[in-house]
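So that the names make sense, note that chain A is the first sequence line, chain B the second, and so on, each numbered from 1.
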There are 2 protein chains.
Amino acid sequence: MLAEERRFRIREILSGQRTITASDLCAALGVTAATVRRDLAALEQDGVLVRSHGGAVSRMSSTNFQPSYETLSHSHSNEKHAIARAAAHLVLDGETVFLEGSTTVFELARGLNQRNRLTVVTNSPTIVCQLQRSSGVTVLCTGGDLQKDTFYFSGEWAQRALSEIRLDKAILGVSAIDLSYGVSTANHAEAQIKKMITRAAKTRIALADHSKFGTQSFAYVGPVADIDVLVTDSGTDPKYIKGLREAGVEVVVAECQETQKGPAKRTHSHK
Amino acid sequence: MLAEERRFRIREILSGQRTITASDLCAALGVTAATVRRDLAALEQDGVLVRSHGGAVSRMSSTNFQPSYETLSHSHSNEKHAIARAAAHLVLDGETVFLEGSTTVFELARGLNQRNRLTVVTNSPTIVCQLQRSSGVTVLCTGGDLQKDTFYFSGEWAQRALSEIRLDKAILGVSAIDLSYGVSTANHAEAQIKKMITRAAKTRIALADHSKFGTQSFAYVGPVADIDVLVTDSGTDPKYIKGLREAGVEVVVAECQETQKGPAKRTHSHK
DNA sequence: GTCAATTTGTTTGTTTATGATCGATTTTGA
DNA sequence: TCAAAATCGATCATAAACAAACAAATTGAC
């Protein structure tokens, strides 16, 4: 086998999964650890991956494109997974959906890779990268100015793109939700974009884990009644769920399945 | 068997598979390794394939899993690095530049992370991700439809965004350049975008390693005179450089500086 | 036919890729 | 905290692939 072919295979594997161990690669490629290490070093030089003890992490599949998000995603990650999984069921093949950049929505995007005839519009480069190789998903991006803190696009180009489309569904992360004040967010530009997404979509799906409830943030987005479906986790206070349902919001409570991990094949996240 | 016939067979084989080993070709064509190597060298010069130790990788395989530009990034990486480094010097702090998605340009983007007051516009999500953490660089993205084969944005949104801006400099990867035919590319949408970038920029900088010269591709972009500065590597045939300069193009030849490699360095001047 | 130009095969020495070995380092588990 | 296990980086040996020079075969022109 050509060395180039081998490295291509490693890229392939890393496009399907975020991490890979060196010993797995030895087995998969039929070469010794020394060769695998050399390949990984070369690919790291190319910026394809980042090596870590025992294997490597993909740089192209974008979770580690955003350090701030990654640190965030560790907290409540079980809940986020459950919410993302539940919300993914609400997206049907053949639909056109907007995915707004946020950790939970990104989690959801990963689950859409195998879909067919799905059209995804997003303002998040991370989500674009995540879906780049899924052959069954058409990806559009609004473009715009990149916000360095939140890592998605806003500004005139993004707004105009949003003003020109109509979507079956929009999926939004929510950073603060309060029954009386409604939905709010820390960033003015983000609020503006969220408002426009809300206007463009027939069905508005909001994702919020239990820590977001009863909080208010700087920039107002809209009343809770603007939300059609809200997906949250089982840790949410029932009074919020009741209040939302009274306001006409369909609430989906995602159950965290398998609380204890079995023979976990997780990569170590220590630094 | 005629040499021409043999090389055609190699092209045929490579249209069906992404890689081929030299020994397989010896067996398939009934010639010695020396002849195969000569054929591969000729086909590489034509831009049909890229040689790698033990065989060659097709450059035409867009049917394949990954965009070829990503696959090829490691071959010629020395030249690409040199070109990217030289081109980065042409970008000055305070300017507004367009970076068009291609491996070499991506390489360049990595070198811009430390800049100050730089504004980068791009149609490549990869470049967006590359520059996301650089505090001194403002990033804008055209948005648009994501091309699954080449991995950048095109389409109406991208075109309109480009029609509304004026840039100090545009940096474009070139996939095929011929003195008489001009610049061309394999993809119609890409050609369209390249034309618009050319129109929007005051100074047009093209990056092309030596393998791109003397080749033609499907979609016409424009005459070589549209290029203001062309950066290439030292492996380019002087006749092309002379021709470009006669056409009014400023040509920069990037020298591959010998890096950490050992002392045994010999200069075998290619042709 | 001869002769020159081209192409192909062969030889030779060099370079590259790979696997094995050996300490050094890191991780893991007690 | 320590010790065992795994992984790493560096180095070396070997075999394959390489470039270059040369020789042999082929081709085409005269």
Using nucleotides 18-25 of chain C, report all nitrogen or oxygen pairs with the protein that are shorter than 3.5 Å.
{"unit_1": "dT18(C)", "atom_1": "OP1", "unit_2": "Arg6(A)", "atom_2": "NH1", "d": "2.5"}
{"unit_1": "dT18(C)", "atom_1": "OP1", "unit_2": "Arg6(A)", "atom_2": "NH2", "d": "3.1"}
{"unit_1": "dT18(C)", "atom_1": "OP2", "unit_2": "Arg6(A)", "atom_2": "NH2", "d": "2.9"}
{"unit_1": "dG19(C)", "atom_1": "OP2", "unit_2": "Thr32(A)", "atom_2": "N", "d": "3.3"}
{"unit_1": "dG19(C)", "atom_1": "OP2", "unit_2": "Thr32(A)", "atom_2": "OG1", "d": "3.1"}
{"unit_1": "dG19(C)", "atom_1": "OP2", "unit_2": "Thr35(A)", "atom_2": "OG1", "d": "2.4"}
{"unit_1": "dG19(C)", "atom_1": "N7", "unit_2": "Arg38(A)", "atom_2": "NH2", "d": "2.7"}

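Whole-Å rounding puts the Leu40(A) CG to dT7(D) C1' distance at 12 Å. Taking atom CD on Gln45(B) and atom P on dA19(D), their separation rounds to 13 Å, with Å as the unit. Separating the CG atom of Asp24(A) from the C1' atom of dT7(D) is a distance of 14 Å, rounded to the nearest angstrom.
In this structure, the side chain of Ser134(B) does not engage the main chain of Gly136(B) through any donor-acceptor pair within 3.5 Å. Put simply, the side chain of Asp233(B) never gets that close to the backbone of Ala254(B): no donor and acceptor are under 3.5 Å apart. With hydrogens and angles ignored, the 3.5 Å screen pairs no side-chain donor or acceptor of Asp237(B) with any backbone N or O of Tyr240(B).
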| request: Test Leu146(A) against Val128(B) for side-chain contact (heavy atoms from CB on, under 4.5 Å), laying out the working first. | output: CA-CA 8 Å; Leu146(A) 181 72; Val128(B) 171; 4.1 Å; yes

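Note on Thr21(B): nothing from the nucleic acid sits closer than 4.0 angstrom, heavy atoms only.
Side-chain contact of Thr185(B) with Ser175(B): a donor-acceptor pair under 3.5 Å is present, judged by distance alone.
Taking the charged nitrogens against the carboxylate oxygens, Asp39(A) and Arg6(A) do have a contact shorter than 4.0 Å, which makes a salt bridge.
Ranked by how close their nearest DNA chain D nucleotide is to the 5' end, Ser52(B) and Ala22(A) are led by Ala22(A).
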